[in-house]
Asks: 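The structure follows.
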Amino acid sequence: MLIRSFPAGAFGTNCYAVATGRGQECVIVDPGMEAVEPLAQIIAEDGLKPVAVVLTHGHLDHTFSVVPVCEGYDIPAYIHPADTGMLADPVAWHGPALAPLIRGARLPDPSEVRTLDDGAVLELAGVTLTVRHAPGHTEGSVMFSLDLGEAPGLLAGDVLFEGSVGRVDLPGGSWASMLASLRDVVLPMDDATVVLPGHGGLTTIGRERATNPYLAEAAASGPAPRGRGL
């Protein structure tokens, strides 16, 4: 499995290109702010052919470049239906503090975006992605399970980070939902699972199970903290 990534824009959102190898088709994950040029460089260097964009959720730092990427490569985008409202009315979901960024965004019409359902299995570019609905950061937050060859993998979006979890204080966020997602979706995963998060560095489920205080609170049904991410 070939996975290339880079931190995009001021929020350092991890944009991923996932393929079975160099010169093959690829899936693009979360093309955020200022992602178009570095993504094009990766695609050219590895001779990749994009076939789809998949979005872990609807926040602008993960969706900002969806339109130019999809139009540039003539490919579809996928998002959970609970987050399509963020494409239709970003101001209502991101708040006035981010209005300057929103004015610069070209977001796709939600009717033109394909939807992701919990448990769906996407066969894209020779890569099998299993959709794990994990609300809390947003109502439509999802993670994607995949086989990395030597270990299982998880494209975690803003659900789980190294030592932290996604913030829940923006519209659509809910600590009760995040708690349930951590407890019911994340904690049952194999310790060897490699976590490819929406921000920051790689980690594993085992490492987070042992050291992440929010996973410990989820296991014990603790109170709501404030996490990271837009």
Side-chain angles (χ1 to χ4, degrees), residues 1-19 26-46 48 50 52-70 73 75 77-80 83 86 94 98 101 105 116 122 124-125 127 129-132 134 136-138 140-148 151-167 170 178 181-182 185-186 189 193-205 207-208 212 214 227-230:
M1 187 70 68
L2 173 70
I3 298 181
R4 296 288 304 275
S5 68
F6 60 92
F11 291 96
T13 302
N14 291 331
C15 177
Y16 296 93
V18 183
C26 73
V27 180
I28 297 166
V29 184
D30 290 352
M33 298 171 180
E34 302 174 14
V36 175
E37 291 185 7
L39 183 59
Q41 182 177 349
I42 284 175
I43 289 168
E45 287 176 352
D46 289 319
L48 302 175
V53 168
V54 296
L55 301 169
T56 60
H57 62 289
H59 282 154
L60 270 181
D61 64 326
H62 293 252
T63 65
F64 194 90
S65 297
V66 171
V67 168
V69 169
C70 287
Y73 298 102
I75 57 177
Y78 294 78
I79 193 171
H80 191 276
D83 273 11
M86 294 186 183
H94 294 80
L98 296 176
L101 298 177
L116 298 167
L122 303 179
L124 299 168
V127 179
L129 300 174
T130 302
V131 180
R132 310 291 186 192
H137 182 60
T138 68
S141 287
V142 300
M143 304 183 292
F144 300 98
S145 294
L146 70 164
D147 183 1
L148 299 180
L154 181 70
L155 291 156
D158 283 5
V159 176
L160 180 66
F161 304 121
E162 184 179 12
S164 190
V165 297
R167 64 189 290 179
L170 291 174
M178 177 66 83
S181 293
L182 296 174
V185 183
V186 173
M189 292 186 179
T193 301
V194 177
V195 179
L196 300 97
H199 301 268
L202 302 183
T203 186
T204 66
I205 292 294
R207 185 183 306 160
E208 297 311 301
N212 190 318
Y214 303 134
R228 292 170 49 200
L230 176 68

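Values in this document were obtained by computation on a predicted structure and should not be read as measured data.
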Asks: Heavy atoms only: give me the nearest Asp158-Met178 pair and the separation to one decimal.
Replies: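 Reported closest heavy-atom pair: O-CE, 4.3 Å.
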Asks: Around Glu45, counting heavy atoms of other residues, nucleotides and ligands shown, do more than 12 lie under 6.0 Å from its CD?
Replies: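 More than 12 within 6.0 Å, yes.
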Asks: Between CD of Glu208 and OG of Ser164, what distance do you get to the nearest 0.5 Å?
Replies: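 These two atoms lie 9.0 Å from each other.
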Asks: Could you grab the distance from atom CD1 of Ile205 to atom OG1 of Thr193, nearest 0.5 Å is fine?
Replies: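 Taking CD1 in Ile205 and OG1 in Thr193, the distance rounds to 5.5 Å.
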Asks: Let me confirm one number: the NE2-OG distance from His59 to Ser141, rounded to the nearest 0.5 Å.
Replies: 7.5 Å
Asks: Are the side chains of Thr63 and Met86 in touch, meaning some heavy atoms are under 4.5 Å apart?
Replies: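 The answer is no; the side chains never approach within 4.5 Å.
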Asks: I want to check something: taking the side chain as every heavy atom from C-beta on, are Ile3 and Leu148 in contact at a cut-off of under 4.5 Å?
Replies: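 Yes, at least one pair of side-chain atoms sits under 4.5 Å.
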Asks: Between Pro31 and Leu55, what is the shortest heavy-atom contact and its length?
Replies: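 Scanning both residues completely, I find the closest heavy atoms to be CD-CD2, 3.9 Å.
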Asks: Side chains of Ser5 and Asn14: donor-acceptor distance under 3.5 Å anywhere?
Replies: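 Short answer, no.
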Asks: Donor-acceptor pair, distance only, cut-off 3.5 Å: does the side chain of His62 make one with the backbone of Gly32?
Replies: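 Side chain of His62 to backbone of Gly32, a donor-acceptor pair under 3.5 Å: no, none is there.
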Asks: Would you call the rings of His199 and Phe161 parallel, tilted or perpendicular, where under 30° means parallel and over 60° means perpendicular?
Replies: perpendicular
Asks: Give me the one residue out of Ile79, Asp30, Leu122 that meets side chain to side chain contact (heavy atoms under 4.5 Å, CB included) with Val54.
Replies: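 Per the side chain to side chain contact (heavy atoms under 4.5 Å, CB included) rule, the option paired with Val54 is Leu122, out of Ile79, Asp30, Leu122.
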Asks: In Å, rounded to the nearest 0.5 Å, how long is the span from CG of Leu39 to CG of Leu48?
Replies: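 That separation rounds to 9.0 Å.
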Asks: If I compare all heavy atoms of Pro50 with all of Ile75, which pair ends up nearest, and what's the gap?
Replies: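 Heavy atoms only, the tightest pair is O-CG2, 3.3 Å.
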Asks: Could you tell me whether a side-chain N or O of Tyr73 sits under 3.5 Å from a main-chain N or O of Ala52, the two making a donor and an acceptor?
Replies: no
Asks: I need the minimum non-hydrogen distance between Ala156 and Met143, along with the two atoms involved.
Replies: O-CG, 3.6 Å
Asks: Looking at every non-hydrogen atom in both residues, tell me the closest pair between Thr56 and Gly157 and how far apart they are.
Replies: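 Answer, listing the atom of Thr56 first, then Gly157: OG1-CA, 3.5 Å.
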Asks: Run the numbers on Leu124 and Tyr78 for side chain to side chain contact (heavy atoms under 4.5 Å, CB included), then give the verdict.
Replies: CA-CA 12 Å; Leu124 299 168; Tyr78 294 78; 4.1 Å; yes
Asks: Once you round to the nearest 0.5 Å, how far does CD1 of Ile28 lie from CD1 of Ile43?
Replies: 4.5 Å
Asks: Tell me, do Val27 and Phe144 make a side-chain contact under 4.5 Å, heavy atoms counted?
Replies: no
Asks: Ignoring hydrogens and geometry, is there a side-chain-to-backbone donor-acceptor pair from Thr204 to Arg207 under 3.5 Å?
Replies: yes
Asks: Does the side chain to side chain contact (heavy atoms under 4.5 Å, CB included) test come out yes or no for Thr13 and Met33, once each step is laid out?
Replies: CA-CA 8 Å; Thr13 302; Met33 298 171 180; over 6 Å; no
Asks: If every non-hydrogen atom of Pro197 is compared with every non-hydrogen atom of Leu160, which pair is closest and at what distance?
Replies: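 Nearest heavy atoms, Pro197 then Leu160: CB-O, 3.5 Å.
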Asks: Rounded to the nearest 0.5 Å, what's the gap from CG on Leu155 to CG on Leu129? Could you check?
Replies: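 So the gap between those two atoms works out to 7.0 Å.
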